[in-house]
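What follows is a single structure, written as structure tokens, with notes after it.
First listed ligand is number 1; within each ligand, the first listed atom is number 1. Note that the numbering runs from 1 along the sequence shown for the chain. As a basis for the values below, the full set of heavy atoms in this structure was taken, side chains included, without hydrogen atoms, waters or symmetry mates.
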Amino acid sequence: MARRAGGLRFGTAGIPLSTRKSSYVAGVERIRELGLGCLELEFVYGVRVNRVAAGTIKDAALRHDIKLSAHAPYWINLNSRDPEKVVASRQRIVQSAQIGALCGARSVVFHPAFYMADPPEKVFQTVKDNLVETVGELGQGTLEVVLRPELSGKAAAFGSLDEIVELSTQVARVAPCIDFAHCHARAGNFNSYNEFTGVLKKVSRRLGPQSLEEVHVHISGIAYGRAGEIKHINLKESDLNYQELLHALVDQHCSGLVICESPNLEEDALLLQETYHKF
Ligand SMILES: [Zn+2]
């Protein structure tokens with residue numbers, strides 16, 4: 001399948017379901033066979049890739065022209081009451097960045113914190129201070145890695161659009177992971193061409209137009225209630241207006257990675273990619 005220079009690449013969160021062997025190298029090969037363009041390494045239950053394996057993943061990705069990103073473990077809360085858990089959270093981000101870099105990943109996505117009933121401004125400051133420390137702890141070999149706090153889907157989880165954009169303006173090497181399904185699930189809005197365009201324009205205005213040349217986007221179908229996200233579902237079972245979303249991404253000239261997190265992974269990634277190519 002022809003890929004544009006620049007433009008958006010589409011891929012899956014973790015290896016495609018139809019991968020014959022459960023390994024990242026096989027996953028990269030399967031992404032290529034499917035005609036997709038990227039893969040997010042899921043370190044969500046721990047960083048279980050060693051340095052040697054990371055090198056083979058990097059080689060496979062280069063060979064097949066597949067771009068990689070990494071998702072840090074779920075067990076991160078930079079606003080934990082327990083100082084040891086905060087330190088462990090920072091270490092999980094650092095470790096994900098270090099192993100991710102060895103795999104050739106350019107972005108590390110993570111869920112920054114829970115509010116724990118604290119005022120949002122206080123949580124913002126705590127998260128920011130810890131991210132500054134984390135960036136200082138990254139060390140050699142990660143210079144190309146961008147840390148990407150993810151727009152959260154739950155009301156109790158820190159990470160509104162404004163919060164992650166603001167963090168990105170204040171901390172070096174931090175940029176948003178724009179999860180449009182979560183953005184929609186937080187309040188039920190953000191589901192039209194104008195609203196999607198508004199999100200992208202805000203990012204461009206606050207972080208500069210070049211930020212849209214290297215976006216990191218998550219998309220999936222989503223079920224939600226009053227507290228926000230309930231679970232990810234397939235696009236066609238959900239109300240997410242993915243056609244208008246893709247249209248907005250095209251019209252704002254976005255380039256970068258779109259990671260599909262629907263349960264059917266590659267099926268919806270291909271649906272998104274096909275829809276994108278129609279515009
Ligand atoms: Zn996530």
Side-chain angles (χ1 to χ4, degrees), residues 9-17 24 27 38-49 67-80 88-90 92-97 99-100 103 105-115 123 127 130-131 134 145-161 163-165 167-168 174-186 190 199 203 215-224 227-235 238 240 242 245 256-266 268-269 272:
R9 284 171 175 253
F10 293 80
T12 52
I15 66 174
L17 299 172
Y24 281 124
C38 58
L39 173 66
E40 190 148 287
L41 307 168
E42 294 284 277
F43 299 157
V44 295
Y45 297 108
V47 184
R48 292 175 187 154
V49 172
K67 300 273 189 235
L68 299 178
S69 55
H71 195 305
Y74 289 135
W75 322 119
I76 286 173
N77 182 4
L78 296 173
N79 189 42
S80 173
S89 294
R90 290 210 306 262
R92 289 185 181 115
I93 298 171
V94 169
Q95 194 194 10
S96 299
I99 295 294
C103 296
R106 294 282 304 273
S107 290
V108 172
V109 175
F110 62 100
H111 303 174
F114 289 90
Y115 293 113
V123 181
V127 170
N130 275 293
L131 272 186
T134 305
V145 175
V146 176
L147 301 184
R148 295 197 183 253
E150 179 175 328
L151 207 166
S152 87
K154 295 192 175 101
F158 173 88
S160 68
L161 173 66
E163 286 167 339
I164 61 159
V165 167
L167 268 184
S168 305
V174 170
C177 167
I178 311 171
D179 189 317
F180 281 98
H182 287 170
C183 191
H184 173 44
R186 274 181 91 90
F190 288 108
V199 170
V203 170
V215 294
H216 193 78
V217 166
H218 283 178
I219 302 178
S220 71
I222 194 145
Y224 53 95
E229 171 185 12
I230 296 172
K231 61 174 180 175
H232 290 187
I233 57 179
N234 296 332
L235 283 168
S238 81
L240 189 79
Y242 63 91
L245 170 53
L257 307 189
V258 176
I259 300 298
C260 176
E261 294 189 314
S262 295
N264 68 10
L265 291 180
E266 61 263 44
D268 274 358
L272 291 168

Q) Can you list the residues that meet the salt bridge (charged side-chain N to carboxylate O under 4.0 Å, His left out) rule with Arg90, with sequence neighbours excluded? A)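 Expected list: Glu133, Glu137.
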Q | Considering only N, O or S atoms of His71, the one closest to the Zn ion (ligand 1) | A |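 The nearest such atom is NE2.
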Q.
Can you tell me which N/O/S atom of His111 has the shortest distance to the Zn ion (ligand 1)?
A.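 Relative to the Zn ion (ligand 1), the closest nitrogen, oxygen or sulfur of His111 carries the name NE2.
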Q. How about Cys177: does one of its N, O or S atoms come closer than 2.8 Å to the Zn ion (ligand 1)?
A.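 So Cys177 does not bind the Zn ion (ligand 1) by this criterion.
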Q) Does Glu150 bring an N, O or S atom to within less than 2.8 Å of the Zn ion (ligand 1)? A)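 Of the N, O and S atoms in Glu150, at least one lies under 2.8 Å from the Zn ion (ligand 1), which means yes.
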Q: Hey, can you tell me if His182 and His232 have their rings parallel, tilted or perpendicular (30° and 60° cut-offs)?
A: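 If you compare the ring of His182 with that of His232, the planes turn out tilted.
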(Q) For His184 and Tyr224, take the angle between the two ring planes, folded into 0 to 90°, and tell me which bin it lands in: parallel under 30, tilted 30 to 60, perpendicular over 60. (A)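 Because their plane-to-plane angle is over 60°, the rings of His184 and Tyr224 count as perpendicular.
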Side-chain polar contacts of residues 41-49 - donor-acceptor pairs under 3.5 angstrom, sequence neighbours left out - could you list them?
| from | atom 1 | to | atom 2 | distance (Å) |
| --- | --- | --- | --- | --- |
| Arg48 | NH2 | Tyr45 | O | 3.0 |

